[in-house]
Chemist: 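Below is one structure. I have some questions about it.
None of these values were measured; they are calculated from a predicted model.
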Amino acid sequence: MGTASGIYKQVTYKEELTYGVLPASAAGQSIRRVSSSLDMTKDTYQSAEIRTDFQMADFRHGGRKVAGSINGELSAKTYSDFMAAALKKNFTATAPITGASITVGGVAGAYTFTRAAGSFLTDGVKIGDVVRLTAGAFNAANINKNIMVTAVTALALTGLVLNASPLVAEGPIASATVTVVGKKSMIPQSGHTDKSFSIEHWYPDVPTSEVFSGCKVSKIALSLPPTGMATCNVEFTGKDSVTNAAQYFASPSAITTTGTMAAVNGVLRVAGATIANVTGLTIDIASAQSGEPTVGSNTVSFQAAGRVLVTGQITATFDSTALRDAFYDETEISLYAAFTADNSASSDFITFAIGRIKVGGASKDDGEKTITQTVPFQALLNLAGGAAQATDLTTIAIQDSAA
């Protein structure tokens with residue numbers, strides 16, 4: 001028996017068909033990580049008897065439970081299953097808009113894409129979506145570029161190119177296709193999913209396997225620093241753990257190979273404006289789970305779902321009063337963020353669309369330095385969104401180019 005080394009440790013997961021029941025061992029998915037701290041713990045009880053020998057005569061184990069997190073660097077597809085579980089909706093594609101006649105115009109930061117007929121609104125394009133012109137006899141400067149939508153009407157999209165490369169005015173271009181890239185998930189109005197996973201830690205150098213069952217996502221914490229890699233920390237609450245000398249998910253699918261996101265590559269829009277003074281952004285998605293112990297069982301047989309709450313924090317240099325005034329005046333604003341794996345025109349990306357937030361503070365630091373302000377926020381259900389509207393009827397929507 002060898003000594004376990006973290007570099008050999010493998011983490012694999014698979015969605016369960018029944019809560020707390022290990023799924024079939026085929027088709028597990030290996031996952032990239034910086035660390036995985038999942039572990040099984042037990043409640044313990046000590047005897048309270050008063051004894052004349054001054055000692056304790058019994059100590060017992062009680063309920064079993066799983067807790068911990070998988071922490072990693074943000075990349076397209078890698079954490080999409082867990083994001084969908086937190087939001088309680090599978091990632092789904094928006095149907096591409098085909099056979100359109102599109103005219104490209106506008107200026108950098110506000111390019112326009114005007115169609116001759118039909119409706120972008122009824123076709124489901126929303127503010128914050130990233131689209132591409134994927135078919136049609138477009139100039140090479142216009143085709144297959146990631147364009148973040150900043151405004152939508154029936155006949156026109158306004159948007160900016162994520163890597164800031166220029167577009168060329170042209171058109172109308174016949175038989176064009178506009179594609180909302182990848183897939184989207186959001187907190188839905190109905191039909192909420194209730195997913196659980198079995199997650200394996202395989203230590204080949206021991207060798208031993210620990211499979212944690214009934215793992216439900218309880219929180220996703222996204223951190224987007226001004227320098228360095230964007231990170232994603234997924235917290236779980238689970239039911240139980242089983243061990244084995246052999247790997248349970250014996251032939252898992254390989255880890256994703258998409259590029260890691262860095263906040264220096266991307267776009268952040270707050271209150272309808274693209275801003276460049278942000279020194280940090282965090283987004284927390286709390287998907288509450290709770291279970292009650294029962295007599296005769298050492299595990300919780302069911303975890304009840306609670307609300308999905310989205311909070312976050314912006315830190316920014318104090319060169320504008322806009323964020324401060326949003327706090328002072330209790331003004332509701334929006335936040336749209338897109339982060340890319342590199343600076344190419346069709347890079348993989350992940351976007352976060354929050355159509356309605358309320359700021360909870362605007363404190364400022366001090367010193368012989370650039371003054372920064374810290375702006376916590378609470379995301380709210382965007383009641384102005386919905387079908388054939390410019391925004392989604394949800395608290396947060398996530399678009400993943402590779403999901």
Side-chain angles (χ1 to χ4, degrees), residues 6-16 23 25-38 68-87 89-93 130 132 144 146 162-163 179-186 193 195-202 204 211-212 215 217 219-225 228-236 247-266 283 285 337-352 397-403:
I7 202 163
Y8 292 115
K9 175 180 169 182
Q10 299 170 34
V11 180
T12 305
Y13 72 93
K14 186 177 180 181
E15 184 181 339
E16 297 173 344
S25 61
Q29 174 63 56
S30 296
I31 190 166
R32 295 151 66 174
R33 76 185 197 282
V34 170
S35 64
S36 178
S37 64
L38 286 169
S69 64
I70 297 175
N71 182 46
E73 295 171 340
L74 187 64
S75 55
K77 189 176 177 60
T78 302
Y79 301 100
S80 60
D81 288 339
F82 300 145
M83 290 180 181
L87 300 183
K89 185 179 188 300
N90 292 332
F91 275 87
T92 56
V130 173
R132 293 176 190 160
N144 289 320
N146 291 331
L162 288 187
N163 75 339
T179 301
V180 178
V181 184
K183 296 180 180 180
K184 290 176 62 178
S185 177
M186 67 191 74
T193 61
K195 294 179 180 291
S196 63
F197 302 89
S198 286
I199 304 174
E200 181 180 29
H201 287 176
W202 167 238
V211 184
F212 305 100
C215 294
V217 176
K219 183 179 180 181
I220 294 181
L222 300 153
S223 178
L224 303 150
M229 300 300 189
T231 62
C232 177
N233 186 69
V234 186
E235 297 180 13
F236 297 90
Q247 186 176 14
Y248 182 75
F249 296 116
S251 300
S253 299
I255 60 172
T256 60
T257 57
T258 49
T260 303
M261 309 292 175
V264 294
N265 297 120
I283 300 173
I285 305 168
F339 301 99
T340 62
D342 56 51
N343 205 39
S344 63
S346 58
S347 170
D348 276 317
F349 63 84
I350 299 178
T351 70
F352 304 94
I398 300 175
Q399 183 181 358
D400 186 320
S401 65

Chemist: What pairs of donor and acceptor atoms, side-chain ones from residues 70-78 against any protein atom, are under 3.5 angstrom apart with sequence neighbours left out?
Modeler:
| residue | atom | partner | partner atom | Å |
| --- | --- | --- | --- | --- |
| Ser75 | OG | Arg32 | NH1 | 3.4 |
| Ser75 | OG | Thr78 | OG1 | 2.5 |
| Thr78 | OG1 | Thr256 | OG1 | 2.5 |

Chemist: Can you check whether Val11 reaches His201 side chain to side chain, under 4.5 Å on heavy atoms?
Modeler: yes
Chemist: Decide yes or no on side chain to side chain contact (heavy atoms under 4.5 Å, CB included) for Ile398 and Ile285, but give the supporting numbers first.
Modeler: CA-CA 11 Å; Ile398 300 175; Ile285 305 168; 4.1 Å; yes
Chemist: So do the side chains of Ser80 and Lys183 get within less than 4.5 Å of each other, counting heavy atoms only?
Modeler: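 No, side chains not in contact.
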Chemist: Might you point out which heavy atoms bring Gly6 and Arg33 nearest each other, and give the distance in Å?
Modeler: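 Shortest heavy-atom contact: O-NH2, 2.9 Å.
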Chemist: Would you say the side chain of Lys195 lies within less than 4.5 Å of the side chain of Asn90, judging by non-hydrogen atoms?
Modeler: yes
Chemist: If every non-hydrogen atom of Pro23 is compared with every non-hydrogen atom of Glu16, which pair is closest and at what distance?
Modeler: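 That closest heavy-atom pairing would be CD-CG, 4.0 Å.
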Chemist: Would Glu200 and Thr12 count as having a side-chain donor-acceptor pair, cut-off 3.5 Å?
Modeler: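 Not at all, the side chains of Glu200 and Thr12 share no donor-acceptor pair under 3.5 Å.
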Chemist: Measure across Lys9 and Ser36 and return the closest heavy-atom pair with its distance rounded to 0.1 Å.
Modeler: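 Where Lys9 meets Ser36 most closely, the heavy atoms are NZ-O, 3.0 Å.
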Chemist: How close do Gln10 and Pro204 get, heavy atom to heavy atom, and via which atoms?
Modeler: NE2-CG, 4.2 Å
Chemist: Where do Phe349 and Asn265 land on the side chain to side chain contact (heavy atoms under 4.5 Å, CB included) test, with the steps shown first?
Modeler: CA-CA 9 Å; Phe349 63 84; Asn265 297 120; over 6 Å; no
Chemist: Ser346 and Arg132: which non-hydrogen atoms are nearest, and at how many Å?
Modeler: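 Result for this residue pair: O-NH2, 3.2 Å.
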Chemist: Indicate yes or no: at least one non-hydrogen side-chain atom of Ile350 is less than 4.5 angstrom from one of Phe339.
Modeler: no
Chemist: Does Asn146 use its side chain to pair, donor to acceptor, with the backbone of Val130 at less than 3.5 Å?
Modeler: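 No.
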Chemist: List the steps, then state whether side chain to side chain contact (heavy atoms under 4.5 Å, CB included) holds for Cys232 with Ile220.
Modeler: CA-CA 7 Å; Cys232 177; Ile220 294 181; 3.9 Å; yes
Chemist: Indicate the atoms forming the closest heavy-atom contact of Ala230 with Leu224, along with that distance.
Modeler: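 Nearest heavy atoms, Ala230 then Leu224: CB-CD2, 3.3 Å.
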Chemist: Just how far is it from atom CG of Leu162 to atom CG of Asn343, taken to the nearest 0.5 Å?
Modeler: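 Those atoms lie 9.5 Å apart.
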Chemist: Quick one: pull up NZ in Lys184 and CG in Asp400 and give me the separation to the nearest 0.5 Å.
Modeler: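 Result: 12.5 Å between the selected atoms.
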Chemist: Would you confirm whether Ser223, through its side chain, and Thr231, through its main-chain N or O, come within 3.5 Å as a donor-acceptor pair?
Modeler: no
Chemist: Would you say the ring centroid of Phe236 lies under 6.0 angstrom from that of Phe212?
Modeler: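 No; Phe212 has its ring centre 6.0 Å or more from that of Phe236.
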Chemist: With distance as the sole test, does Ser37 use its side chain to make a donor-acceptor pair with the main-chain N or O of Ser69 at under 3.5 Å?
Modeler: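 Pair found, side chain donor or acceptor close to backbone of Ser69.
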Chemist: Are the side chain of Lys14 and the backbone of Phe249 linked by a donor-acceptor contact shorter than 3.5 Å?
Modeler: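 Answer holds: no.
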Chemist: From Glu235 CD over to Leu38 CG, what is the distance, rounded to the nearest 0.5 angstrom?
Modeler: 10.5 Å
Chemist: Between Tyr13 and Phe82, what is the ring plane arrangement, given parallel below 30°, perpendicular above 60°, and tilted in between?
Modeler: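 Ring orientation of Tyr13 relative to Phe82: tilted.
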Chemist: Using modelled atom types only, decide if a donor and an acceptor are shared between the side chain of Gln399 and the backbone of Val181 within a distance under 3.5 Å.
Modeler: yes
